[in-house]
Structure formats: structure tokens, C-alpha cells
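Residue numbers begin at 1 in each chain, while the letters A, B, ... track the order of the sequences.
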Amino acid sequence: MLDIKQRISEILAEIIPALDSGEIKQMLEYPPNDEMGDVALPCFKLSRILRKSPIQIAEELAGKIPADPKIAKVEAVSGYLNFFLDKEEFVRDVLSTALNKGNEYGSRDMGKGRNIVIDYSAPNIAKPFHVGHLRSTAIGNSLYRIFNFLGYNSIGINHLGDWGTQFGKLIVAYKNWGSKDSIENGGIKELMAIYVKFHEEAEKDPSLEDEARDWFVKMEQGNEEALQLWQWFKDISLKEFQKVYDLLDITFDSQAGESFYEDKMPPVIEELREKNLLTESHGAMIVDLEEYNMPPCLIIKKDGSTLYATRDITAAIYRKNTYDFDKCIYVTGAAQSLHFEQWFKVIELMGYDWHDKLVHVPFGIVSLGGEKLATRKGKVVLLEDILAEAIKKTLKIIEEKNPDMDESEREEIARQMGVGAVVFSDLSNNRIKDVSFSWDEILNFDGETGPYVQYTHARTCSLLKRAETDVDPNFDASLLTTKEEFRVIKTLYLFPDIVVSAMEDLEPSIITRYLVDLAQDFNRFYHEHSILVEDEALKNARLALVLAVKHTLANGLNLIGLSAPERV
RNA sequence: GCGUCUGUAGCUCAGUGGAUAGAGCGUUGGACUCCGACUCCAAAGGUCGCAGGUUCAAGUCCUGUCAGACGCACCA
């Protein structure tokens, strides 16, 4: 597919000797509305270089543009040089590219041979999987798919929170208030209950905290009783997490959690010592970061046990050796920004030149009725419950609208759309924004939602099915002349660049919002014009457009982790 | 106190330094004998937190300020 800005910048470079085509391409933009043209060059910056008024420059340039089959006309309007594309050429080019590439439309091989490690989801063992974890999971999964689509080799890691002092707390809680039966029956909810109980009791009796720390020290020393309990808690949790991942249709390449690095930390600590980075402070071992304006990075606590920074540093070195990553991406809450800044700096101080390949991708916090989610206080909404509600609601709608659909299909589609609604909503806003969880909002299927885009996709499928004939790839592009059709095609043209932007900004919401735009453009066209018309040539041309939209919606939905069912 | 992030329509949010700041929800009024109405059209609704500055041009960049969120040593 022709790169329109590239082509125009090359043409302009011929008649503006002062600039090369790369510089000119940077200056080109898409005008705010179709009446102004398809690509524009604002001439204000040229004014200084050429020592003429922008208006004069635009007019002179307009007169010098050579005839080009891709460009229908050029206009100078108050300092802007506006290019109008030859519609027929453009329509043919965009649609045949989208049709040829099909479910590959928008993909590239720009990342060929490069590994991208993405660390996401990472729920804590023995704690419930709640709305907060959804963000990391959904964003990470989407980035995983986006990088793969662009030819990179994504490696998804679920860095499970399966090690640390909270297990000491859990062991103490279990010994005091738990029982084998209640945990077996209650699962994570029961584990959470005794964890909450621990914090309530610890407020009255702070010695419980010390007891918990002791148990974690025992774990690190290989105490059998402690490790058995730990393994048990872990098994129960993993089983429940898997249910959520199955619903979300998410898999990982590795589930090596924090405990995996337990035996890999001592050499790293030794390395830090050898490189003279460790200092003792208040009985703990730290890396001093004062000259970088940061608080120290704690490596070993005064009781000899390790911290998450120790594990993160160890894991990064391990991953570099194992995967030789081009980037190692951490999808976690913005609250942890300082932590990542600190240990990224430690990696740099250790002399590793790949420190700049470590990337923190932060996201805003999820609050609940103005308060933040807190496992320790039991103030959470379980993701499992949200997904179940969304699926239930979808099922009800399908039963009303599509009563003839058979039960197994109905249930599968309800899952795809219910889950889709929740994930889509999570990926709608810029990830850095805080979100306030609301049942009403997450279960609202009207407007800019996952169901809206999925419905539009199903609508394209329905049209293609009703046509009862395959789209002839030799469609007549000259028949697609309405402004609604051209609008859709311009939006289709943007898709490959949209995917790259989402990758560069590590921002899945760019794709989410694009899908809404495309669906809106398509629905407007659909409403204005009949597609299954008598005229075979016109019908075929419009169906080509429908098919291109179908591919693009499906590809985009896939990139944000949603299914694109053919019927809904 | 220091640091980071956020502040745009009643609400939730878009907006690569460029032309008249855009969507959805909600409100009001329309469009189904018609390809799937989970759709579409229209109206109303804005001192882009505030004040300076840079620029031919600022919602966008800089400085200050206010408000909110988050973080700042043995939790992750």
C-alpha cells in the first residue's frame, strides 16, 4: 500500500531544495476535515527559510506540483497547501491491500528476530484476582499481541507473587485461625479472610508481625513445614487463577514467579558486593542512590532476608541471559514507578549496558467508591464476579434478540462478549489515568464499548453471508464515490500506522479507540447506503469495502485480546 | 517537605505545536413494511484548573500556582 505522506514529501522535496523529503514528511498532516483535502502542508515554518509569506509559499508550490496519478488536485488555502488524492486510485490501493492481506492487514516484519519480554498480570498467591489485576493482565496481553503482530517475538511472563513476607503472615494466620477443611472448601476467599483477620489482629498485637517475618526467614532457610504450607497455598491459588485466564483466553510462556529466583539471588548479591555497590545502613544492606536523587535501594533486610528489588534485579539478569531481549517490559501500577527507577539504576551501576532496555509501563490505580482497593482490608471486587455478571447480562440479551441460537453457541458468544465488554472498557482510556470502578459503567454495552465493535463486526459477517457469493477481488473502485465510503476507506488506510503507534507508545487504548472510529464510520455508511443492491458491480464494490472492514475490525479486536464472533 | 502523575462539555474521556477543540453517556427531538435498532440523524451543552512566558501559531512546550491521586527504608 502506498505511503501517501511519503509520496507527497518526495514530490515536494523536488521543488523545495532547502529541505529533504524526511523533513517535509514530518511537517505533513491530515487536515481536520475532508473538505480541506486529504493531506496538508502548513507553510508557516517554510516562511522563515524561504523568506516569503506562508500564503505566497503555498500558492507558489501549488503551481509547481507536477501531475501525478495519485493526486487529483492541490489547493493553496491561507497558508496551507492541501492535497486531494485521486479517490479511485486510493480506494483501489487501500481495499486491495486490506483484502489481500486479510487477517494480516496491519502486520509488519519490523521486529523480525528480536525478543520482547513482557512481564504482566503477576497476581499474588493467596490473594484474590481483582479488578486491579485486570489492568496489568489486559494491557500486557495486548502488548504481547501487538509486538507479535509487528514481527517481534513476544515472551509473556507471569511473574507470580509467590514469595515474600506475606506468606509468613499467611502461615501465622493459618495456624491461629485457619483449618485444613475451611481452606480446602473456601479456596482463595478463605485465604483472604484469614489474611484480613491477621491484619486486624496485628493492629492489636504487633508481635504477630515479627512472628510472620520469622516464618518467612524460615521459608528462605528451607524449613519443611513452612514450604509445605506455601506450596499448598500456591496450588490452591493457581487453580483459581487458571479459571480467570481461561475466561480471558490468556496464556503465558513462563510462569516463573518470585520463588523461582530464590536460589539465583546469592550470586547476584555477591556480584553487587564485588562491584562495591553494597553499603550497610541501619543493619540492612543497600545500594546508595543519593547522588541520583533517589532513596536507597534495599537489597537485604536486617534479618537477612531479601526484598522484591533483590528478586527483580536477579530476574532481569536471568531474563537477559535466557532470552537476550531487545526490551524487557514491566506492566505494573504507577505507584511502583520509583521502585523501578531505583533498581533500573542499580542495573546500570552494575555496568550492564542493557539497562536502557528495561521499560516500566505504568498504569493508574483502580478505586472503588472513592477508596482504593485493599486486600488487607478485604475491600475488593473479584474479577471472577465481574466477568460472571457481564456474561450473564450478555446471555440475557442474546436470549431476547436471538432466541433461535443453540445453547452451546449462545454460551460461547456470551463469554466472548461479556469478557470483551470488561476488557474493552479497561483498555479504553490512556493507561495512566486512574479509574473508578463502577458496575453500571462496566456493564453498560451502549456507545463506545466492546459489544458495539463486536456487533459491527458481526454485521459485516452477516452482510457477506447474505450476499451468497464471494467478493470478487477485481472490484470496480470507481463506484465507491460517496463521502461515507471514502471516510471508511481513509480510516482503513490508517490502521497499519495505528498499530505501530500503539507499539511505540506501549498504549493499547490507541487501538481500542481506533476500533470505535472505524465502527462508527462503517455504521454511518451502512445506514446511508444499501449494500446488497441489484447492480452486481456496485454490490461487489461495496462488499469489498465490507470485507476490508471485517478484516480490520477482527485484527484490531484480536490485538486488544478480544474475540470477533461472526454472530452475536 | 521532596518527587511523579492527573486536571478539556453535567458525567466518562479523545485530542503527532497548526485551520471551526471532538466522541460516548446522560438530556431533548427524530429515523424501523427496508441488508441485524447492541444501529443511525439532529439539538442543547466549553473562560481546555489558574497566572505568566516562548512561538507566525499553545489544550499541546516552559515557569509558577491551585486541586486531586500516588510514592519517598527493611511489604509488593
Side-chain angles (χ1 to χ4, degrees), chain A residues 26-27 29-33 36 40 42 44-45 47-48 53-54 77-80 82 122 124 127 161 163-166 169 209 212-213 216 258 281-286 293-303 305-309 311-312 332-339 341-342 362 364-365 367 372 376 394 397-398 400-402 417 421 425 428-430 432-436 438 440-441 444-456 458-459 461-463 465-467 501 505 509-510 513 516-517 519-520 523-524 526-533 539 542 546 567-568:
Chain A
Q26 286 297 311
M27 296 167 73
E29 58 189 45
Y30 297 115
N33 65 56
M36 295 170 174
F44 310 99
K45 281 186 188 123
S47 177
R48 185 162 299 163
S53 80
V77 182
S78 55
Y80 288 87
N82 292 335
N124 290 321
K127 289 193 192 173
W163 204 247
T165 308
Q166 79 263 25
K169 294 179 181 177
E209 297 273 5
R213 276 190 281 269
F216 179 56
E258 294 185 45
S281 172
H282 300 92
M285 298 306 286
I286 63 163
N293 258 323
M294 280 187 275
C297 184
L298 262 78
I299 304 294
I300 306 173
K301 293 191 276 188
K302 64 183 170 197
D303 65 11
S305 62
T306 59
L307 288 110
Y308 70 139
R311 287 185 279 280
D312 277 339
T332 80
Q336 293 184 46
S337 296
L338 178 60
H339 162 69
E341 248 184 279
Q342 286 176 298
I365 53 160
S367 61
K372 68 172 178 174
R376 281 173 303 188
T394 314
I397 295 172
I398 296 174
E400 275 170 28
K401 310 248 171 184
N402 235 339
M417 292 191 80
S425 139
S428 287
N429 298 341
N430 287 347
I432 198 63
K433 299 260 172 139
D434 290 344
V435 292
S436 177
S438 139
D440 284 348
E441 240 169 79
N444 170 36
F445 293 176
D446 297 327
E448 302 170 323
T449 64
Y452 171 73
V453 176
Q454 285 172 320
Y455 171 79
T456 305
R459 177 176 257 180
C461 295
S462 170
L463 284 163
K465 199 173 158 196
R466 277 184 163 270
S501 301
D505 293 357
S509 67
I510 291 177
R513 279 193 300 269
V516 171
D517 286 344
Q520 281 174 344
N523 281 322
R524 206 164 291 137
Y526 173 90
H527 192 263
E528 266 334 286
H529 306 285
S530 294
I531 292 154
L532 302 175
V533 291
K539 179 168 83 175
R542 287 190 171 157
V546 172
R567 298 175 69 197
V568 301

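Nearest to the side-chain atoms of A/R524 among the listed nucleotides B/C40, B/C70, B/A37 stands B/C40. Of the candidates B/U20, B/A23, B/G15, B/A23 carries the atom nearest the A/E448 side chain, counting heavy atoms from C-beta on. Closest approach to the A/R459 side chain among B/C13, B/C40, B/A37 is made by B/A37 (side chain taken as heavy atoms from C-beta onward). Taking every side-chain heavy atom of A/M36 into account, B/U20 is the closest of B/U20, B/A76, B/A69. Relative to the side chain of A/I531, the nucleotides B/C35, B/C5, B/A76 differ in distance, and B/C35 lies closest. Set against B/G36, B/U12, B/C75, the side chain of A/Y526 has B/G36 as its closest nucleotide. With B/G36, B/C13, B/U20 as the candidates, the nucleotide lying closest to the side chain of A/K433 is B/C13. Considering only side-chain atoms of A/Q520, the nucleotide from B/C35, B/G24, B/U20 that sits closest is B/G24. Listed candidates were B/A14, B/A37, B/A19. Nearest to the side chain of A/P32 is B/A19. When each of B/A14, B/C75, B/U39 is scored by its nearest atom to the side-chain atoms of A/R513, the top-ranked nucleotide is B/A14.
Between the P atoms of B/U16 and B/U55, the separation comes to 24 Å (whole Å). The same atom, C1', is picked in B/G52 and in B/U12; the two are 32 Å apart, to the nearest Å. Using C1' as the reference atom, B/A21 and B/U60 are 11 Å apart when rounded to the nearest Å. B/A51 and B/G59 are spaced 13 Å apart, taking the P atom of each and rounding to whole Å. Rounded to the nearest Å, the gap between the C1' atom of B/U47 and that of B/A43 is 23 Å. Comparing the C1' positions of B/U4 and B/C11 gives a spacing of 27 Å, expressed to the nearest Å. A distance of about 15 Å separates the P atoms of B/G68 and B/U8, rounded to the whole Å. Taking atom P in both B/A37 and B/C32, one finds a spacing of 13 Å when rounded to whole Å.
A/V435 comes within contact range of no nucleotide atom at all, as no heavy-atom separation falls under 4.0 Å. Looking at heavy-atom distances under 4.0 Å, A/G164 makes contact with sugar-phosphate atoms alone, never a base. A/S462 comes within contact range of at least one nucleobase, with a heavy-atom separation under 4.0 Å. Residue A/A335 is classed as a sugar-phosphate contact, given heavy-atom separations below 4.0 Å to backbone atoms only. Within 4.0 Å of A/R311, counting heavy atoms only, lie sugar-phosphate atoms of the nucleic acid but no base atom. Contacts of A/L298 with the nucleic acid, taken as non-hydrogen atoms under 4.0 Å apart, include base atoms. Across all strands shown, A/P451 has heavy atoms under 4.0 Å from base atoms, whether or not it also approaches the sugar-phosphate. A/H339 comes within contact range of no nucleotide atom at all, as no heavy-atom separation falls under 4.0 Å.
Contact check for A/S462 versus A/R567: no side-chain heavy atoms found under the 4.5 Å cut-off. Two residues are said to be in side-chain contact when any heavy atoms from C-beta on lie closer than 4.5 Å; A/D446 and A/Y452 fail this criterion. Looking at heavy atoms from C-beta onward, A/L298 lies out of side-chain contact with A/Q342 at the 4.5 angstrom threshold. With contacts defined as side-chain heavy-atom distances shorter than 4.5 Å, the pair A/V546/A/I531 qualifies. Side-chain atoms of A/N429 and A/S509, non-hydrogen and from C-beta on, never get closer than 4.5 Å to each other. Under the 4.5 Å side-chain criterion, counting only non-hydrogen atoms from C-beta, A/K465 is not in contact with A/C461. Residues A/V568 and A/I398 form no side-chain contact, since every pair of their non-hydrogen atoms from C-beta on lies 4.5 Å or further apart. In this structure the side chain of A/D312 reaches within 4.5 angstrom of the side chain of A/H339, judged on heavy atoms.
Nucleotide B/U63 forms a pair with B/A51, judged by Watson-Crick or G-U wobble geometry with both contacts under 3.5 Å. Pairing partner, B/U28: B/A42, with both Watson-Crick or wobble hydrogen-bond distances short of 3.5 Å. When both distances must be under 3.5 Å, the Watson-Crick or G-U wobble mate of B/A21 does not exist. Nucleotide B/A58 has no partner under the Watson-Crick or G-U criteria, as no pair reaches both atom distances under 3.5 Å. Remark: B/U4 base-pairs with B/A69. Criterion, Watson-Crick or G-U wobble with two distances under 3.5 Å.
Considering all non-hydrogen atoms of both residues, A/T306 and A/R311 come closest at OG1-NH1, 2.9 Å.
Regarding A/Q342, its CD atom lies at a distance of 14 Å from the P atom of B/U4, rounded to whole Å. B/A21 atom P lies 12 Å from atom CG of A/N33, rounded to whole Å. Note: CD (A/E341) to P (B/C70) measures 19 Å, nearest angstrom. A/Y308 places its OH atom 8 Å from the C1' atom of B/C75, with the value rounded to the nearest Å.
Taking 4.0 angstrom as the limit, A/N430 places a side-chain polar atom (N or O) nearer than this to OP1 or OP2 of B/A14. OP1 or OP2 of B/C13 lies within a sub-4.0 Å distance of a side-chain N or O belonging to A/N429.
In this structure, A/T456 and A/I286 both approach RNA chain B, and ranking their closest nucleotides by distance from the 5' end singles out A/T456. A residue-by-residue look at A/N402 and A/Y452 shows that A/N402 has its nearest nucleotide of RNA chain B further toward the 5' end.
Between the side chains of A/T456 and A/N523, at least one donor N or O sits under 3.5 Å from an acceptor N or O.
Put simply, the side chain of A/S281 and the base of B/A73 share a donor and an acceptor less than 3.5 Å apart. Between the side chain of A/N82 and the base of B/A19 there is at least one donor-acceptor pair of N/O atoms closer than 3.5 Å.
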**Prompt:** How does protein reach along nucleotides 56-61 of chain B, written 5' to 3' as B (base within reach of a heavy atom under 4.0 Å), S (only sugar-phosphate), or - (no contact)?
**Reply:** B-----
